Amino acid sequence: GIDFDAHFPDQDWSYSTMGKMDMKEEIPPGMPTPLGQPFVIRAYVDSDHAGDQVTRRSRTGFIVYLNGAPIYWKSAKQTSVETSTFGSE
């Protein structure tokens with residue numbers, strides 16, 4: 001299989017590129033204490049350009065993982081034939 005972690009390195013999204021580096025989410029008053037364990041959602045998407053050798057149609061797909069287990073995915077041939085990579089993605 002494909003090693004997604006090698007192709008998609010982890011990125012730190014805990015800061016803002018707009019200047020406020022110490023932003024915290026505001027918790028509404030009276031909100032109950034969270035229960036259970038934290039979870040990690042990861043999503044990967046890819047497409048190819050004219051990958052089908054016969055029809056020259058491109059394919060696009062994605063997969064969503066919850067704590068490392070796939071929970072939602074889709075792969076489909078695109079409905080039109082593109083002549084450039086820009087249109088196929």
Side-chain angles (χ1 to χ4, degrees):
I2 297 173
D3 182 8
F4 286 108
D5 290 332
H7 290 87
F8 300 98
D10 286 342
Q11 296 183 10
D12 182 6
W13 295 93
S14 63
Y15 66 92
S16 170
T17 58
M18 304 306 285
K20 286 187 133 185
M21 301 300 280
D22 59 344
M23 292 176 56
K24 296 277 185 192
E25 182 178 0
E26 191 173 316
I27 305 297
M31 182 173 166
T33 304
L35 301 175
Q37 298 295 316
F39 59 88
V40 175
I41 296 178
R42 288 197 172 132
Y44 302 100
V45 64
D46 196 12
S47 64
D48 68 359
H49 175 65
D52 189 313
Q53 298 290 326
V54 176
T55 65
R56 304 295 293 165
R57 299 227 174 169
S58 300
R59 181 171 290 278
T60 301
F62 68 89
I63 186 166
V64 178
Y65 290 90
L66 175 62
N67 290 341
I71 59 169
Y72 191 63
W73 59 89
K74 183 175 182 176
S75 176
K77 281 187 184 175
Q78 294 180 353
T79 57
S80 62
V81 177
E82 293 292 338
T83 58
S84 69
T85 55
F86 180 77
S88 69
E89 295 185 358

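Computed from a predicted structure; not experimentally measured.
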Q | Any residue meeting side chain to side chain contact (heavy atoms under 4.5 Å, CB included) with L35, in chain and number order, not counting sequence neighbours | A |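 In terms of side chain to side chain contact (heavy atoms under 4.5 Å, CB included), with neighbours along the sequence ignored, L35 is linked to no residue.
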
Q | Partners passing side chain to side chain contact (heavy atoms under 4.5 Å, CB included) against P34 (at least two apart in sequence or in another chain) | A |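 Side chain to side chain contact (heavy atoms under 4.5 Å, CB included) list for P34, sorted by chain: empty.
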
Q | Side chain to side chain, D46 and Y44, heavy atoms closer than 4.5 Å | A |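 Sidechains of Y44 and D46: no contact.
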
Cluster link [X] to [Y], ILVMFWY, side chain under 4.5 Å:
X: F39; Y: Y65; answer: no
X: W73; Y: L66; answer: no
X: V45; Y: I41; answer: yes

Q.
Has S58 got a side-chain atom pairing as donor or acceptor with D48's backbone, closer than 3.5 angstrom?
A.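 Yes, S58 side chain to D48 backbone: donor-acceptor pair under 3.5 Å.
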
